[in-house]
**Q** 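The structure under discussion is supplied below as structure tokens; questions concerning it will follow.
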Amino acid sequence: MKIVFMGTPDFAVPVLKRLMTEHEVVCVYTRAPKPAGRGKMLLKSPVHELAEQNGIEVRTPKTLRDANEQAAFKALNADISVVAAYGLILPREIIEAFELGCINVHASLLPRWRGAAPIERAIEAGDTQSGISIMQVVEALDAGAVYKKVIVPITSATTGGILHDQLATAGADILSEVLAHFNEIKPTAQDESLVTYATKLSKEEARLNFNQPAEVLERKIRAFNPFPAAYFEYNGERFKVLSAEVVKEQGKIGQILKADKELVICCAQEALRILEIQRQGKKPMPVAELLRGFRFEDGAVLK
RNA sequence: CGCGGGGUAGAGCAGCCCGGUAGCUCGUCAGGCUCAUAACCUGGAGGUCGUUGGUUCAAAUCCUUCCCCCGCAA
């Protein structure tokens, strides 16, 4: 098929790669390069880089509401457009530009977790499974009928990063299947009574609040690993917590209960034993390594 | 030139402001002690203090070149 692909971050890369091998990708739409990274250099999106390397035309409009943009889009005369974490709202003119419409690869089991951060929210909420949904794009956000869903389990070892990679790969596979049998598959409408929304991750919520139960914080730590990474502050320094486990200890909320060979911090219910930690300016490392050279004051209380 | 921290023994850190014998915790090796231990004691090996040039009687420490890593921010 002749396909126009629309995507931006790493999640979309495996999907585009697969499309390029199996179909004709006539043009790629992605978010415009923006200042990013240390030095704030203008940085092209992962999808942008990939498309360029493969000699595919790349377009980076700031909006698709513009009539000229819409005309240019339609002029590509593709069969279908495929969206994977593009980052722009698609107006009706774009969605309906091609004969087969527009389909989306979404990283959740819709109708659960519509929205921007479905991967992390599923882990954070304690879901036992996540997955990929291939659905029709409609004007309402992530509300289109679903062609196919595939489940990916969430275990106690599942981090946001791991699940992200699993879903990106799965997404490429499932999209491939759907496109191969596109005429035979009938989409199923979403059950609106089961909808939940995965709001964007914010910096503020990445800060560990020890007034919450250890179990809740452990899930957040896993969900937010590696990005944006849960953290606490000690002596004005930021410590990212990459992994931790719940232990039955008691004390004041936020108190450092142990800081010799292990690091245990008391929470509202039970406590967290920190396993992997990253000191500001340093690389991530097992807690035991940090504690060989760095001392937390025993009994200090974190806010 | 967006802001900032860092590169010191195999690991993690201190020392740097206020130049003057390279230090801590751990690991490692040897020996000792113990019924026993990720226990304890004793002793040892292991560093061109990231790189270049400079200042100085003397540089890990002050100034400088370049390389690399990371936090913030996006």
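All of these numbers come straight from a predicted model, not from anything done at the bench. Chain letters run A, B, ... following the sequence lines, proteins first and then strands; every chain starts at 1. All values below come from the heavy atoms of this structure, side chains included, with hydrogens, waters and symmetry mates left out.
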**Q** Any side-chain donor-acceptor pair under 3.5 Å between Glu22(A) and Ser176(A)?
**A**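 There is such a pair (donor and acceptor under 3.5 Å, judged by atom type) between the side chains of Glu22(A) and Ser176(A).
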**Q** Please report the distance, rounded to the nearest Å, between NZ in Lys283(A) and P in C68(B).
**A**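 Roughly 13 Å, once rounded to whole Å.
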**Q** Find the distance Met285(A):CE to G10(B):P and express it as a whole number of Å.
**A**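 Going from CE in Met285(A) over to P in G10(B) covers 16 Å.
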**Q** Could you check whether Lys40(A) gets within reach of a base, just the sugar-phosphate, or nothing at all, counting any heavy atom under 4.0 Å?
**A**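 Answer is base: heavy atoms of Lys40(A) come under 4.0 Å of a base.
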**Q** Using OP1 and OP2 only, check whether a side-chain N or O of Gln278(A) sits under 4.0 Å from C70(B).
**A**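 No, outside the criterion.
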**Q** Do Thr159(A) and Arg222(A) have side-chain N/O donor and acceptor atoms under 3.5 Å apart?
**A**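 No, Arg222(A) and Thr159(A) have no side-chain donor paired with an acceptor closer than 3.5 Å.
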**Q** Among the nucleotides U25(B), A74(B), G71(B), which one has an atom lying closest to any side-chain atom of Gln280(A)?
**A**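 Within the option list, the nearest is G71(B).
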**Q** Can you tell me the Watson-Crick or wobble partner of U42(B), both distances under 3.5 angstrom?
**A**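 The base-pairing partner of U42(B), which may sit in any strand shown, is A30(B).
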**Q** Roughly how many Å apart are G46(B) and G6(B), using the P atom of each and rounding to a whole number?
**A**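 To the nearest whole Å, 30 Å.
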**Q** Return whichever of Lys261(A) or Pro228(A) has its heavy-atom-nearest nucleotide of RNA chain B closer to the 5' end.
**A**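 Final value for this comparison: Lys261(A).
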**Q** Round to the nearest Å and state the distance from Arg31(A) atom CZ to A74(B) atom C1'.
**A**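 Answer to the nearest Å: 12 Å.
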**Q** Could you please name the partner base of G23(B), counting Watson-Crick and G-U wobble pairs only when both distances are under 3.5 Å?
**A**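 Paired with G23(B), as far as the under-3.5 Å criterion goes, is C13(B).
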**Q** What is the separation between atom CD on Glu204(A) and atom P on C72(B), rounded to the nearest whole Å?
**A**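 In whole Å, C72(B) P and Glu204(A) CD are 14 Å from each other.
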**Q** Between G50(B) and A59(B), how far is it from one P atom to the other, in whole Å?
**A**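 Nearest-Å result for G50(B) against A59(B) at atom P: 15 Å.
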**Q** On a whole-Å scale, what distance lies between the P atoms belonging to A11(B) and A73(B)?
**A**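 So the two P atoms sit 30 Å from each other.
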**Q** Under a 4.5 Å cut-off applied to non-hydrogen side-chain atoms, are Gln278(A) and Leu242(A) in contact?
**A**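 Sidechains of Leu242(A) and Gln278(A): in contact.
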**Q** Could you tell me the separation between the CZ atom of Phe239(A) and the P atom of G6(B), rounded to a whole number of Å?
**A**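 In whole Å, G6(B) P lies 14 Å from Phe239(A) CZ.
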**Q** Determine the Euclidean distance between corresponding P atoms of U8(B) and A14(B); express it in Å to zero decimal places.
**A**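 The same atom, P, in both gives a distance of 11 Å.
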**Q** OP1 or OP2 of C13(B) less than 4.0 angstrom from a side-chain nitrogen or oxygen of Lys282(A), does that happen here?
**A**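 For C13(B), OP1 or OP2 has a side-chain N or O of Lys282(A) closer than 4.0 Å.
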**Q** Taking CD1 from Ile277(A) and P from C13(B), how many angstroms apart are they, rounded to a whole number?
**A**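 Answer to the nearest Å: 11 Å.
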**Q** Going by atom types alone, do Glu177(A) and His181(A) pair a side-chain donor with an acceptor below 3.5 Å?
**A**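 Judged by distance alone, the side chains do not pair up.
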**Q** Using the C1' atom as the reference point in each nucleotide, state the distance between U61(B) and C17(B) in Å, no decimals.
**A**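 About 10 Å, rounded to a whole number of Å.
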**Q** Between Arg207(A) and Glu233(A), is the closest basic N to carboxylate O distance under 4.0 Å?
**A**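 Here Glu233(A) pairs with Arg207(A) in a salt bridge, since their nearest N and O are under 4.0 Å apart.
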**Q** Hey, does the side chain of Lys240(A) come within less than 4.0 Å of C72(B)'s phosphate (OP1/OP2), counting only N and O?
**A**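 So the side-chain polar atoms of Lys240(A) do come within 4.0 Å of the phosphate oxygens OP1 or OP2 of C72(B), strictly under.
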**Q** Hey, which sits more toward the 5' end of RNA chain B by its nearest nucleotide, Pro35(A) or Leu290(A)?
**A**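 Looking at the nearest nucleotide for each, Leu290(A) comes out on the 5' side.
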**Q** What is the nucleic acid contact for Arg38(A), judged by heavy atoms within less than 4.0 Å: base, sugar-phosphate only, or nothing?
**A**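 Touches a base.
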**Q** Starting from P on C26(B), measure out to CD on Glu262(A) and report it in whole angstrom.
**A**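 Atom CD in Glu262(A) sits about 16 Å away from atom P in C26(B).
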**Q** Can you tell me if Asp142(A) and Trp113(A) form a side-chain donor-acceptor pair at under 3.5 Å?
**A**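 Absent: no donor and acceptor within the cut-off.
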**Q** Check every atom of A14(B), A74(B), A11(B) against the side chain of Arg279(A) and return the nucleotide holding the closest atom.
**A**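 The answer is A14(B), which lies nearest to the side chain.
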**Q** When both hydrogen-bonding distances must be under 3.5 Å and the geometry is Watson-Crick or G-U wobble, what is U56(B) paired with, if anything?
**A**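 Base partner found: none.
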**Q** Quantified in whole Å, what is the P atom distance between nucleotide C29(B) and nucleotide A38(B)?
**A**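 Each nucleotide's P atom is 15 Å from the other's.
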**Q** Centre of Tyr231(A)'s six-membered ring, under 6.0 Å away, within 45 degrees of the axis: is that where NZ or CZ of Arg238(A) sits?
**A**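 Checked: cation-pi criterion met.
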**Q** Should G71(B) form a Watson-Crick or G-U wobble pair with both distances under 3.5 Å, which nucleotide is its partner?
**A**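 G71(B) is paired, partner C3(B).
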**Q** For nucleotides G2(B) and C66(B), find the distance between their P atoms and express it as a whole number of Å.
**A**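 To the nearest whole Å, 16 Å.
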**Q** Between C16(B) and G31(B), how far apart are the two P atoms, rounded to whole Å?
**A**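 Looking at atom P only, C16(B) and G31(B) are 39 Å apart.
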**Q** If I take atom OH in residue Tyr231(A) and atom P in nucleotide C72(B), what distance separates them, rounded to the nearest angstrom?
**A**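 For the pair Tyr231(A) OH and C72(B) P, the rounded distance is 9 Å.
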